[in-house]
Amino acid sequence: MHLFLTAEGKKFVREKIEPLMIIENSIYEAMTDAEIREFLRLSQKYNAIFREKTAELLQRSDRI
């Protein structure tokens, strides 16, 4: 998939998205490899539980 940005979209990315990406990269650079692995492990666990709970909510709402 390709995404083609307008001039306005490119400006938005340059002004809003790129600074956030730089911050995110600096956060990872400030963490040890072990901390990054633990962060990713916990993020995966959170996402798995979130998907489970939202699926349960959707099943309950389908029955109403």
Side-chain angles (χ1 to χ4, degrees):
M1 180 172 113
H2 291 81
L3 182 64
F4 298 96
L5 298 174
T6 63
E8 187 176 329
K10 289 177 184 177
K11 181 180 180 221
F12 178 83
V13 168
R14 189 172 48 259
E15 293 177 356
K16 307 295 184 189
I17 305 302
E18 286 180 4
L20 293 174
M21 292 174 68
I22 291 168
I23 290 170
E24 187 174 43
N25 288 338
S26 71
I27 292 168
Y28 286 118
E29 289 171 1
M31 298 170 73
T32 66
D33 288 346
E35 290 170 330
I36 292 170
R37 283 192 301 273
E38 183 69 0
F39 171 74
L40 294 174
R41 185 188 71 77
L42 290 171
S43 294
Q44 290 169 342
K45 181 176 182 176
Y46 174 93
N47 287 328
I49 295 168
F50 184 83
R51 282 191 301 272
E52 177 185 307
K53 298 297 182 182
T54 54
E56 290 171 5
L57 178 63
L58 290 172
Q59 287 177 356
R60 284 196 307 268
S61 66
D62 286 345
R63 287 184 246 149
I64 296 176

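As a basis for the values below, the full set of heavy atoms in this structure was taken, side chains included, without hydrogen atoms, waters or symmetry mates. The first residue in the sequence is number 1, and the count goes up from there.
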Would Phe4 end up clustered with Phe12 when hydrophobic side chains under 4.5 Å apart are linked, directly or stepwise? no

From Ile17 CD1 over to Lys10 NZ, what is the distance, rounded to the nearest 0.5 angstrom? 15.5 Å

Would you say CD of Glu56 has more than 12 non-hydrogen atoms from neighbouring residues, nucleotides or ligands within 6.0 angstrom? yes

To the nearest 0.5 Å, how far apart are CD in Gln59 and OG1 in Thr54? 10.0 Å

Kindly work out whether a path of hydrophobic side-chain contacts (I/L/V/M/F/W/Y, heavy atoms less than 4.5 Å apart) joins Val13 to Met21. yes

Rounded to the nearest 0.5 angstrom, the CD-OG1 distance for Glu38 and Thr32 is 10.0 Å

Is the closest basic N to carboxylate O distance between Lys11 and Glu8 below 4.0 Å? no

Are Ile27 and Leu40 connected in the hydrophobic side-chain network, where two residues link if heavy atoms are under 4.5 Å apart? yes

Of all the heavy-atom pairs spanning Glu35 and Ala30, show the shortest one and how long it is. OE1-O, 4.3 Å

Heavy atoms only: give me the nearest Ser26-Ile23 pair and the separation to one decimal. OG-O, 2.7 Å

